[in-house]
Amino acid sequence: MTAAGPDGLPPLHLPRRTRLLLYGALLLLVAAVAAALAIGPGATLSPLLAVAPVLAGATTRKARVPLLVGAAALVAVGALESENTQLPASVRIAVSVTVLASTLASAASVVLVAARERELYQVRTVAEAAQRALLRPPAERIGPLRLAVRYVAATAEARIGGDLYAVVETRFGVRVLLGDVQGHGLSAVETAADVLGVFREAARTEPDPARLAERLDAALTARPGDGRFATALLLDVPAGREPVRVVNCGHPPPLLRRAGRVAELAPPVPAPPLGLRELTGEDYAASRFDPGPGDLLLLHTDGVSEARNARGCFYPLAERLPGLHGGSPADLLDAVLADVRGWVGEPGLADDAALLALRWDH
């Protein structure tokens, strides 16, 4: 998050379109003043100067800015009307009152918006602290593994959601979880917190990743009332040369990039999401693969694979991943997110997205 300034707010950033609209309004205002000078006595366009403090208020969080601009506008009104002796006194008074009222209203609006933005910034700061406590970034290197994670909220105001990840070092090796809770909002966050809590405890005691998935499923099933479920990927990465075990609980398959080629590690048998095993009666099973030096495994949520462009086409992650490069897993994830944003365009991602990459250096 951008650091706050002395007033407790981050620097104001105006989108390009907003800046263009403000520039256009400013040009129109200058043209109106020039027209007023050209028209001469008998008519006036000076009421348009009431727009000046409004424009100034749109570019700042400091009330003194529209106040100063409004004062300058009042001086300009007096200068324009001093040469226009044919105007009735009522018109002169009305113009000055209009500019003054616009100035005061603009200053009040700036104060109100700044107060609300300060409250929002404080809430977002607390949300970021909650996210750091809930989603703890893993170490960049664990044994032969290099790791990186990225979490992107669908909107700038949101900082936490139902996407989740965790990496735990255990006596069995490294245990990895990446998942996506159904729905949004605080209920999804609460469900994600429950899943993460059970995973961090069970990952250290349960040797079988399929049994670990069953324990997570049981924890979700036992939650009262809301019936939420979560798709998830569980990885068991042994410390030695043993194969990596992957349990896919209804989640998009991870992608293995090896020697410039990308393959999906699809589960041999479909398994239900966590929280739905009781309905389907299906068991969780682990598939295996043997990693080699330089192999990279990418785990992702559907906020990436289901991101749509303007034509409604899904982002083809498996097709584009071979052409994306980075010197480290973190650089690669940044390249993926930049490519997704370029694919989607405005207004951005429609859903939260989580990415986790593991690379075997030797």
key: Path from Val99 to Val54 over hydrophobic side-chain contacts below 4.5 Å   = no

ask   = What closest approach, in Å, do Arg204 and Arg171 show between heavy atoms, and which atom pair accounts for it?
value = O-NE, 3.8 Å

task = Determine whether Leu321 and Leu332 make a side-chain contact, defined as any pair of heavy atoms from C-beta on separated by less than 4.5 Å.
result = yes

inquiry  = Clusters formed by hydrophobic residues whose side-chain heavy atoms approach within less than 4.5 Å: which one holds Ile93, and what are its other members?
reply    = Val97

ask   = So, for Tyr151 and Ala354, which heavy atoms are closest and what is the spacing to 0.1 Å?
value = CD1-CB, 4.2 Å

Leu299 side, atom CG; Tyr165 side, atom OH - distance, nearest 0.5 Å = 13.0 Å

request  = Heavy atoms only: give me the nearest Ala271-Tyr284 pair and the separation to one decimal.
outcome  = CB-CD2, 3.8 Å

key: Asp217 side chain near Cys249 side chain, heavy-atom distance below 4.5 Å   = no

query = Hey, are Arg288 and Asp290 close enough for a salt bridge, meaning a charged N less than 4.0 Å from a carboxylate O?
reply = no

ask   = Would you call Phe314 and Val304 a side-chain contact if the rule is heavy atoms closer than 4.5 Å?
value = no

query = Counting N and O atoms only, with roles assigned by atom type, does the side chain of Arg150 sit under 3.5 Å from a partner on the main chain of Leu337, one being a donor and the other an acceptor?
reply = no

inquiry  = If I take atom CH2 from residue Trp360 and atom CG from residue Asp295, how far apart are they, to the nearest 0.5 angstrom?
reply    = 7.0 Å

Verdict with supporting geometry, Glu206 and Asp208, side-chain contact (heavy atoms from CB on, under 4.5 Å) = CA-CA 6 Å; Glu206 180 56 64; Asp208 185 351; 3.7 Å; yes

request  = Given salt bridge (charged side-chain N to carboxylate O under 4.0 Å, His left out), test Arg277 with Glu282 step by step and report yes or no.
outcome  = CA-CA 6 Å; Arg277 178 170 172 264; Glu282 299 172 359; over 6 Å; no

task = Answer yes or no: are there more than 12 heavy-atom neighbours, outside Glu201 itself, under 6.0 Å from its atom CD?
result = yes

query = Hey, does Leu298 have a side-chain heavy atom less than 4.5 Å from the side chain of Arg257?
reply = no

ask   = How far apart are the closest heavy atoms of Ala203 and Thr170, and which atoms are they?
value = O-CG2, 3.3 Å

task = Enter the distance from Glu264:CD to Asn248:CG here, rounded to the nearest 0.5 Å.
result = 10.0 Å

task = Decide side-chain contact (heavy atoms from CB on, under 4.5 Å) for Val168 and Val174; before the verdict, give the C-alpha distance in whole Å, the side-chain angles of both, and the deciding distance to 0.1 Å.
result = CA-CA 6 Å; Val168 180; Val174 178; over 6 Å; no

remark   = Closest non-hydrogen atoms of Gly292 and Arg258, given as atom of the first, atom of the second and distance, are N-NH2, 4.1 Å

inquiry  = Any heavy-atom pair between the side chains of Phe229 and Leu274 that's under 4.5 Å?
reply    = no

Pairs under 3.5 angstrom only: tabulate donor-acceptor contacts from the side chains of residues 231-240 to other protein residues two or more places apart or in another chain.
residue: Thr231; atom: OG1; partner: His251; partner atom: ND1; Å: 2.8
residue: Asp236; atom: OD1; partner: Arg175; partner atom: NE; Å: 2.4
residue: Asp236; atom: OD1; partner: Arg175; partner atom: NH2; Å: 3.3
residue: Asp236; atom: OD2; partner: Arg245; partner atom: NE; Å: 3.2
residue: Asp236; atom: OD2; partner: Arg245; partner atom: NH2; Å: 3.0

query = Can you check side-chain contact (heavy atoms from CB on, under 4.5 Å) on Arg228 and Leu220, steps first, answer last?
reply = CA-CA 7 Å; Arg228 289 184 182 273; Leu220 273 187; 5.7 Å; no

query = Do you know which two heavy atoms are closest between Lys62 and Pro66, and how far apart they sit?
reply = O-CD, 3.3 Å

request  = Let me see the working for Tyr315 and Asp339 under side-chain hydrogen bond (donor to acceptor under 3.5 Å, both in side chains), right down to the final yes or no.
outcome  = CA-CA 9 Å; Tyr315 177 72; Asp339 196 51; 2.6 Å; yes

query = Distance from Leu177 atom CG to Leu212 atom CG, nearest 0.5 Å?
reply = 8.0 Å

task = Please check if Val110 and Leu55 belong to a single hydrophobic cluster, counting links between Ile, Leu, Val, Met, Phe, Trp and Tyr side chain heavy atoms closer than 4.5 Å.
result = no

task = From the options Val198, Val247, Asp194, select the one residue that forms a side-chain contact (heavy atoms from CB on, under 4.5 Å) with Leu216.
result = Val198

hydrophobic_cluster_shared for Leu256 and Leu356, side chain cutoff 4.5 Å = yes

ask   = So, do Asp352 and Val152 sit near enough that their side-chain heavy atoms are less than 4.5 Å apart?
value = no

message = With side-chain contact (heavy atoms from CB on, under 4.5 Å) as the test, pick out the partner of Asp163 among Thr301, Leu135, Asp302, Leu178.
response = Thr301

request  = Any chance you could lay out the side-chain contact (heavy atoms from CB on, under 4.5 Å) test for Leu147 and Ile142, step after step, and finish with the verdict?
outcome  = CA-CA 8 Å; Leu147 300 95; Ile142 303 176; 3.8 Å; yes

query = Which other residues belong to the hydrophobic cluster containing Leu27, where Ile, Leu, Val, Met, Phe, Trp and Tyr are joined when side-chain heavy atoms lie under 4.5 Å apart, directly or via other members?
reply = none

ask   = Heavy-atom distance under 4.5 Å between the side chains of Arg200 and Arg136, does that happen here?
value = yes

ask   = Val69 and Val95: same hydrophobic cluster, using ILVMFWY side-chain contacts below 4.5 Å?
value = no

ask   = Are any non-hydrogen side-chain atoms of Ser328 and Arg146 less than 4.5 angstrom apart?
value = yes

Phe172 with Val176, same ILVMFWY side-chain cluster at under 4.5 Å = no

